[in-house]
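Attaching a single structure in structure tokens format; questions to follow.
Just follow the structure's listing: the first ligand is 1, and inside any ligand the first atom is 1.
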Amino acid sequence: MNTTPKTTAPAPVTERPHTTSSTLPTVIVRPGDADRILAGHPWIYSASILRLTAPAADGALVQIKDHRARFLGTGFFNSKSKIQVRVLSEQRIEPNLEFFLERIRAALAIRRKHLPGAASYRVVNAESDFLSGLIVDKYADVLVVQISSLGVDQRKALIVEALQTIFSPRAIVEKSEASFRKFEGMTESNGLLAGALEGPVTIDLNGLQFAVDIQAGHKTGLYLDQQKNYQLVAQYAAGARVLDCFSFLGGFALHCARAGAAHVHGLDQSEEAVAAARVHAARNGLSNKCTFEAANVFDWLKSQTSVKPHEKVIPKFDLIILDPPSFTRTRSAIPDAMRGYKEIHLRAIKLLRPGGLLATFCCSHHVDAVMFESVIMDAAFDARHILRRVASCSQSPDHPILPAIKETEYLKGYLYEIAR
Ligand code: SAH
């Protein structure tokens with residue numbers, strides 16, 4: 001029987017003995033920078049650091065304190081990176097197997113809660129899951145790992161062990177591209193980390209089958225972040241003539257075809273993507289409703305909307321999807337990107353029938369939701385149409401957004417109807 005009186009305060013569980021981490025090198029942050037870290041932002045730039053109390057090896061665990069010696073957390077240090085510390089915890093932790101097991105299980109629980117029934121999703125989304133530098137995607141029974149920080153890279157074996165313990169996967173593949181790793185002084189790293197894998201992996205997304213070529217595909221294989229939006233957009237597809245621009249493997253196209261679209265035409269400049277989309281259509285019994293064409297979307301839309309001065313564009317579609325790649329990776333390229341976004345929206349709006357639906361997405365970090373909608377409004381103005389916003393959407397919940405870490409939010413989407 002539990003005889004503990006109810007008034008007894010529980011023993012503090014967060015403060016473990018200081019002895020373990022008091023021996024860690026301490027990073028002291030500048031006055032004024034502690035609050036951002038306390039609020040949950042895990043990046044500490046060199047400019048925020050007052051000093052280190054002892055030399056720290058690159059990739060090593062350090063503790064973080066403010067200038068008044070208030071403890072702020074523990075994280076991985078890397079002198080070679082602009083982000084010199086990536087905070088792992090607001091507590092004193094050991095980044096051992098138990099730690100990774102606990103973090104990955106917590107991340108998995110979020111996916112099970114918000115994507116019940118799904119078997120393919122992003123299991124770990126770096127900062128969104130308090131594991132800066134680590135991404136893990138699950139394609140059925142195959143896991144794909146991307147590592148972009150040195151501290152995580154040095155613990156790869158522990159992470160592989162944790163993933164094997166939790167998932168018992170058929171294979172674990174690493175696909176760590178150079179683009180992010182170079183900022184941490186690392187080169188690209190690809191290959192099999194565990195198990196065996198040959199050929200594409202067949203996955204089920206919302207009941208449709210896709211074959212994902214993990215070794216050769218874009219990103220880590222397929223864009224899992226649109227999983228929810230495929231369903232949302234497909235709700236409007238019954239009976240519609242649909243144009244899926246930047247169709248890649250046919251994600252939107254096939255969801256719309258299954259939902260009863262009259263016809264779906266997909267456009268992608270990659271011949272390989274178009275070939276894969278056709279295979280997917282056949283595999284899901286939807287070939288009779290889908291066509292895919294290898295074309296540059298800008299050129300294609302231009303050819304469909306260029307008319308002589310006295311002629312009018314003939315609207316041909318009831319639903320147009322625009323899901324382009326990011327048009328800008330840098331701040332300086334924003335004006336060019338905005339011109340690109342405006343052009344495709346202007347032409348797409350002209351091709352929509354009265355009452356037609358535009359489903360449009362922007363995955364650029366540098367273009368926020370307000371900027372994105374304003375460029376769409378400019379396009380609508382030029383096309384002499386008024387849009388009615390039917391829905392706003394974002395990345396699927398396996399790419400969680402923590403507003404305290406604004407970099408975790410990147411995908412914006414709007415559904416508009418031609419109101420006039
Ligand atoms: N809608 C897709 C993801 C699109 S990713 C999905 O849900 O999976 C962006 C795609 O745009 C890539 O497949 C790329 O090949 C294609 N692409 C990039 N620029 C293009 C252009 N100018 N014209 C046509 N396709 C383009």
So for ligand 1, is Asp268 a polar contact partner (N or O within less than 3.5 Å, distance only)?
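Yes; at least one N/O pair falls below 3.5 Å.
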
Residue Ser270 vicinity, atoms of ligand 1 by number, heavy atom under 4.0 Å:
15 (O)

Under 3.5 Å side-chain donor-acceptor pair for Thr202 and Gln209
no

Ligand-side contact atoms (ligand 1) for residue partner Phe248, heavy atom cut-off under 4.0 Å
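Near Phe248, the atoms of ligand 1 are 2 (C), 3 (C), 4 (C), 8 (O), 13 (O).
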
Does any N/O atom on Gln269 come nearer than 3.5 Å to any N/O atom on ligand 1?
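Yes, at least one N or O pair falls under 3.5 Å.
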
Ring centroids only, cut at 6.0 angstrom: are Phe361 and Tyr223 within range, meaning strictly under it?
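That pair fails the under 6.0 Å test.
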
Nearest-0.5 Å distance that lies between atom CE in Met338 and atom CG in Asp378:
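Met338 CE to Asp378 CG: 8.0 Å, rounded to 0.5 Å.
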
Polar contact flag for Phe246 and ligand 1 (N/O pairs, less than 3.5 Å):
yes

Relative to the heavy atoms of Ala295, which atoms of ligand 1 are at a distance of less than 4.0 Å?
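With Ala295 as reference, the close atoms of ligand 1 come out as 23 (N), 24 (C).
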
Residues Thr291 and His263: side-chain donor-acceptor under 3.5 angstrom:
yes

In terms of atom number and element, which parts of ligand 1 are under 4.0 angstrom from non-hydrogen atoms of Pro325?
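Result: 9 (C), 11 (O), 18 (C), 19 (N).
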
Under 4.0 Å from a heavy atom of Tyr230: give me the atoms of ligand 1 that qualify, with their elements.
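Here the atoms of ligand 1 in question are 6 (C), 7 (O), 8 (O).
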
Would you check whether Asp244 has a nitrogen or oxygen atom less than 3.5 angstrom from a nitrogen or oxygen atom of ligand 1?
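For ligand 1, there is no N or O atom that lies under 3.5 Å from one belonging to Asp244.
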
Quick one: side chains of residues 124-132, donor-acceptor pairs under 3.5 Å with protein atoms, not counting sequence neighbours, listed by atom name and distance.
| unit_1 | atom_1 | unit_2 | atom_2 | d |
| --- | --- | --- | --- | --- |
| Asn125 | OD1 | Arg122 | NH1 | 3.2 |
| Asn125 | ND2 | Ser128 | OG | 3.0 |
| Glu127 | OE2 | Trp43 | NE1 | 2.9 |
| Glu127 | OE2 | Ser132 | OG | 2.6 |
| Ser128 | OG | Asn125 | O | 3.4 |
| Ser128 | OG | Pro400 | O | 2.6 |
| Asp129 | OD1 | Arg111 | NH1 | 2.8 |
| Asp129 | OD2 | Arg111 | NH1 | 3.4 |
| Asp129 | OD2 | Arg111 | NH2 | 2.7 |
| Asp129 | OD2 | Asn125 | N | 2.7 |
| Ser132 | OG | Arg86 | NH1 | 2.7 |

Establish, yes or no, whether a centroid distance under 6.0 Å links the rings of Phe298 and Phe327.
yes

Check each of Tyr416, Tyr414, Phe381, Phe372 against His345 using the ring pair (Phe, Tyr, Trp, His ring centres under 6.0 Å) test, and report the only one that passes.
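Only one of Tyr416, Tyr414, Phe381, Phe372 forms a ring pair (Phe, Tyr, Trp, His ring centres under 6.0 Å) with His345, namely Phe372.
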
Against ligand 1, does Leu267 come closer than 4.0 Å with any heavy atom?
no

Counting from 1, what ligand 1 atoms have a heavy atom of Val297 closer than 4.0 Å?
21 (C), 23 (N), 24 (C)

Will you find, in the side chains of Ser176 and Glu174, an N or O donor that is under 3.5 Å from an N or O acceptor?
yes

